[in-house]
Colleague: 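Below is one structure. I have some questions about it.
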Amino acid sequence: MLDLKILREEPERLAHALEDRGATVDVARLQELEARRRELLTAVEAKKAERNAASKRIGEVKRAGGDAAEAQAAVRGLGEEIATLDRDVAETVDALNALWLTVPNLPHPGCPVGRDESANPEVRRWGRPPTFAFEPRAHWELGERLGILDFERATKLSGARFAVLWGAGARLERALTAFMLDLHTGEHGYTELLPPFLVNAASMTATGQLPKFEEDLFACRDDDLYLIPTAEVPVTNLHRDEILDEGSLPRRYCAYTPCFRREAGSHGQDTRGLIRQHQFDKVELVRFEEPEHSYAALEELTGHAEAVLQRLELPYRVIELCTGDLGFSAAKTYDLEVWLPGQARYREISSCSCFESFQARRAQIRYRVPGQKKPRLVHTLNGSGLAVGRTLVALLENHQQADGSVRIPEALLPYMGGLEVIEPR
RNA sequence: GGAGAGAUGGCCGAGCGGUCGAAGGCGUCUGACUCGAAAUCAGAUGUGGUGCAAGCCACCGGGGGUUCAAAUCCCUCUCUCUCCGCCA
């Protein structure tokens, strides 16, 4: 959520930014609602001040033992006027809010302008796509031959877009998760968290999933709870409605969670394999920063995610999202794309974003600067560090060998209980 | 799931329907004292909205109601705690 002040002070800037994003928002309507809100508020507050003064006098009269019946009758009408105005205010505020919550964040000024992902510039590459003396297999083929991926039975259990991992596959998923957590906590200074995987609507609203993207979520309607689509939701909401001490910033958290996504609207995409599942594991990095440091923090956080790929010896590239491809809440985003030999292309494996104060304003996450009267909104950031399922895919496909076996990279050996190669059964 | 108790400012904790944005304590900040510190003393210390400003308005878990007036009365929801039951 943006600051409403922008409607008064820089409406053209808002309009331009939304246009760059390809968002259709009626700025004039917003301005009108905001003007009406303030107008009504001034009116009702004047009435309330009047009533408060009158009530105070009545109290004084009564305490002195006098009769205030006349004065009471005079104020009675005022109460009705106030009630009417209050309703008008509420109506206007509701309308304004409903619309305002659908307004996306403003892109960072340096953000490349473009309509869609084809306009995303590549920032850098690391590693070289491996060359094979044989036709590299897709991970689902490798996984099934190795007996570690089972899509058929998952379909029996749950339906499409689920998987069962067996044996070394399950172990590999666990190893990757542990490796990532150890790296981020041990070397990058993040504090490990294990949050709830179900959260309420208020949390989903604060981070921007609701109200706009409800169809992407799995909901438990009997309990008004949602399965988290990313750890970003519970971890960012940790400090909702809090005022943090300046000295406690920056805060760096990392959390493993499963993620649940309905993938509405992606029918027919990535139907095979692990790439697009309703449930997948992810290790997420979340940071709370002072505004002055948030963009430096984004670079650092992106580097932390990259470190995972480097240690796993997986070639990747970094791209920056253009205005048209930016997520709803983000001001700037780097995507990490890992090379997948099975598809002979780079695929997204991490998304690292700075949200500036967009989430903090919705979630009311602030910090106090000594000597300053008003608390300031923090800047929030987050990035996958990494999507574990897709990392497993990349590992299988990049480290596959001619006989269908898969080599375990050195960084992972301590987590695999001595297993160096996953062999076909 | 059953029975009971509770929700007030950064924390603890008072609060006859009007003088309560809220006593008192703790904490924090500023000043005095001190070579410095501790102790002591004095003062300050919630958030948001609106306004050029003075100010005004709102907020005592959420929502609704009664009243000229609600932290205080009524209804309702949520959450927490205690006991019992069940349970990984």
Side-chain angles (χ1 to χ4, degrees), chain A residues 1-9 30-98 100-101 194-206 210 219-226 234 237-249 251 258 288 357 359-378:
Chain A
M1 190 166 63
L2 296 166
D3 191 339
L4 276 173
K5 278 197 190 117
I6 196 170
L7 278 175
R8 277 181 265 164
E9 293 168 7
L30 283 164
Q31 286 182 282
E32 188 186 306
L33 284 168
E34 162 62 359
R36 176 154 176 75
R37 179 185 72 91
R38 279 186 301 148
E39 192 182 306
L40 287 168
L41 214 50
T42 320
V44 73
E45 283 186 2
K47 298 275 184 203
K48 283 183 178 174
E50 200 182 318
R51 180 180 66 181
N52 286 349
S55 290
K56 196 168 181 177
R57 278 196 301 276
I58 291 169
E60 280 160 8
V61 169
K62 288 204 155 186
R63 226 171 309 118
D67 175 25
E70 206 174 301
Q72 286 180 26
V75 186
R76 198 162 294 146
L78 206 51
E80 278 153 33
E81 283 182 58
I82 289 171
T84 306
L85 278 169
D86 265 340
R87 264 192 299 278
D88 291 348
V89 170
E91 244 170 59
T92 307
V93 166
D94 286 350
L96 179 60
N97 271 346
W100 198 234
L101 282 174
L194 187 63
F197 305 155
L198 287 165
V199 301
N200 55 31
S203 298
M204 286 294 185
T205 305
L210 291 179
C220 309
R221 301 205 189 281
D222 287 349
D223 302 284
D224 189 31
L225 290 170
Y226 297 85
N237 273 282
L238 258 193
H239 294 303
R240 172 151 52 90
D241 297 323
E242 290 187 16
I243 298 175
L244 306 168
D245 289 333
E246 184 191 39
S248 75
L249 295 178
R251 286 171 181 260
F288 300 83
S357 56
Q359 291 181 327
R361 187 171 294 105
R362 283 192 177 203
Q364 284 298 297
I365 306 168
R366 294 170 292 177
Y367 73 103
R368 193 178 301 285
V369 182
Q372 277 191 20
K373 193 166 172 350
K374 296 210 175 224
R376 299 176 79 193
L377 292 166
V378 303

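Both backbone and side-chain heavy atoms feed into the values below; hydrogens, waters and symmetry mates do not. A note on names: the letters A, B, ... follow the listed sequences, proteins ahead of strands, and every chain is numbered from 1.
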Colleague: On RNA chain B, check which nucleotide each of A:Glu60 and A:Gly79 is closest to and give me the residue with the more 5' one.
Modeller: A:Glu60

Colleague: Is there a side-chain contact between A:Leu33 and A:Arg37, using heavy atoms and a 4.5 Å cut-off?
Modeller: no

Colleague: I'd like the C1' distance from B:A69 over to B:G17, given in whole Å.
Modeller: 8 Å

Colleague: Provide a list of protein-nucleic acid N or O atom pairs under 3.5 angstrom, restricted to nucleotides 46-49 of chain B.
Modeller:
unit_1, atom_1, unit_2, atom_2, d
B:U47, OP1, A:Arg368, NH1, 2.8
B:U47, OP1, A:Arg368, NH2, 3.4
B:U47, O3', A:Arg366, NH1, 2.9
B:G48, OP1, A:Arg366, NH1, 2.9
B:G49, N2, A:Glu45, OE1, 3.0

Colleague: Taking side-chain hydrogen bond (donor to acceptor under 3.5 Å, both in side chains) as the test, write out the residues that go with A:Ser203, two or more places apart.
Modeller: A:Asn200, A:Arg240

Colleague: For RNA chain B, just give me the dot-bracket, please: Watson-Crick or G-U, both distances below 3.5 Å, ( ) intra-strand, [ ] crossing earlier pairs, | paired with another strand, . unpaired.
Modeller: ((((((((.[[[..)..(.....]]]((((((.......))))))(((((....))))).[[[[[..)....]]]]])))))))....

Colleague: Could you state the atom-to-atom distance from CD of A:Glu50 to C1' of B:C56 in whole Å?
Modeller: 13 Å

Colleague: How many whole angstroms separate atom CZ of A:Arg51 from atom P of B:A70?
Modeller: 6 Å

Colleague: Answer yes or no: does a side-chain N or O of A:Arg57 lie under 4.0 Å from OP1 or OP2 of B:C68?
Modeller: no

Colleague: Taking only N/O atoms, report every protein-nucleotides 75-79 of chain B pair under 3.5 Å with atom names and distance.
Modeller:
none

Colleague: Rounded off to whole Å, could you give me the CG-to-C1' distance for the A:Leu40 and B:A58 pair?
Modeller: 16 Å

Colleague: Nearest whole angstrom, please: distance from the C1' of B:U50 to the CD of A:Glu34.
Modeller: 11 Å

Colleague: Rounding to the closest angstrom, what is the interatomic distance between B:C81 and B:U72 at atom C1'?
Modeller: 23 Å

Colleague: Provide the distance between the two C1' atoms, one in B:G9 and one in B:U45, to the nearest whole Å.
Modeller: 11 Å

Colleague: For A:Ile243 versus A:Pro375, what's the shortest heavy-atom pair and its separation?
Modeller: CD1-CG, 4.0 Å

Colleague: Tell me the interatomic distance from A:Leu78, atom CG, to B:A69, atom P, rounded to whole angstroms.
Modeller: 9 Å

Colleague: What pairs with A:Arg251 under side-chain contact (heavy atoms from CB on, under 4.5 Å), at least two apart in sequence or on another chain?
Modeller: A:His239, A:Leu244, A:Ser248, A:Leu249, A:Tyr253, A:Phe288

Colleague: Is there a donor-acceptor pair under 3.5 Å between the side chain of A:Arg8 and the backbone N or O of A:Glu34?
Modeller: no

Colleague: NA contact type, A:Lys56, heavy-atom cut-off 4.0 Å: base, sugar-phosphate, or nothing?
Modeller: nothing

Colleague: Please lay out, stage by stage, how A:Leu96 and A:Leu4 fare under the test side chain to side chain contact (heavy atoms under 4.5 Å, CB included).
Modeller: CA-CA 10 Å; A:Leu96 179 60; A:Leu4 276 173; 4.1 Å; yes

Colleague: Take A:Thr92 and A:Leu40, measure what side chain to side chain contact (heavy atoms under 4.5 Å, CB included) needs, and give me the verdict at the end.
Modeller: CA-CA 9 Å; A:Thr92 307; A:Leu40 287 168; 3.4 Å; yes

Colleague: Please give, in whole Å, the distance from B:C56 P to A:Ile82 CD1?
Modeller: 16 Å

Colleague: Under the side chain to side chain contact (heavy atoms under 4.5 Å, CB included) rule, what do A:Leu101 and A:Arg362 come out as? Steps first, then yes or no, please.
Modeller: CA-CA 9 Å; A:Leu101 282 174; A:Arg362 283 192 177 203; 3.6 Å; yes

Colleague: Between B:G65 atom C1' and A:Asp86 atom CG, what is the distance in whole Å?
Modeller: 15 Å

Colleague: Using atom C1' in both nucleotides, what's the gap between B:A7 and B:G15 to the nearest angstrom?
Modeller: 15 Å

Colleague: Examine B:G18: is either OP1 or OP2 under 4.0 Å from a nitrogen or oxygen in the side chain of A:Asn52? Give yes or no.
Modeller: no

Colleague: For atom C1', what is the distance between B:C11 and B:C86, given to the nearest Å?
Modeller: 36 Å

Colleague: In whole Å, what separates the P atom of B:A5 from that of B:G10?
Modeller: 29 Å

Colleague: List the atom of A:Leu198, the atom of A:Cys220, and the distance in Å for their closest heavy-atom pair.
Modeller: CD2-SG, 3.9 Å

Colleague: Any salt bridge between A:Arg57 and A:Glu60, counting N to O under 4.0 Å?
Modeller: no

Colleague: Pairs under 3.5 angstrom only: tabulate donor-acceptor contacts from the side chains of residues 68-89 of chain A to other protein residues two or more places apart or in another chain.
Modeller:
unit_1, atom_1, unit_2, atom_2, d
A:Glu81, OE1, A:Lys47, NZ, 2.9
A:Thr84, OG1, A:Glu80, O, 3.0
A:Asp86, OD1, A:Lys48, NZ, 3.4

Colleague: Distance check, P atoms only: B:G6 and B:C73, in whole angstrom units.
Modeller: 12 Å

Colleague: Taking the P atom of each, how far is B:U8 from B:G13, in whole Å?
Modeller: 9 Å

Colleague: Using a cut-off of 4.0 Å on non-hydrogen atoms, how would the nucleic acid contact of A:Ala54 be classed: base, sugar-phosphate, or nothing?
Modeller: nothing

Colleague: What is the distance, to the nearest angstrom, from the CG atom on A:Leu85 to the P atom on B:U50?
Modeller: 17 Å

Colleague: Judged by atom type as modelled, is there a donor-acceptor pair below 3.5 Å linking the side chain of A:Gln364 to the main-chain atoms of A:Arg361?
Modeller: yes

Colleague: When you check the phosphate oxygens OP1 and OP2 of B:C68, does a side-chain N or O of A:Arg76 lie under 4.0 Å from one of them?
Modeller: yes

Colleague: Does A:Leu2 offer a backbone N or O that forms a donor-acceptor pair with the side chain of A:Trp100 under 3.5 Å?
Modeller: yes

Colleague: Reading RNA chain B from 5' onward, which residue's closest nucleotide shows up sooner: A:Gly59 or A:Val75?
Modeller: A:Gly59

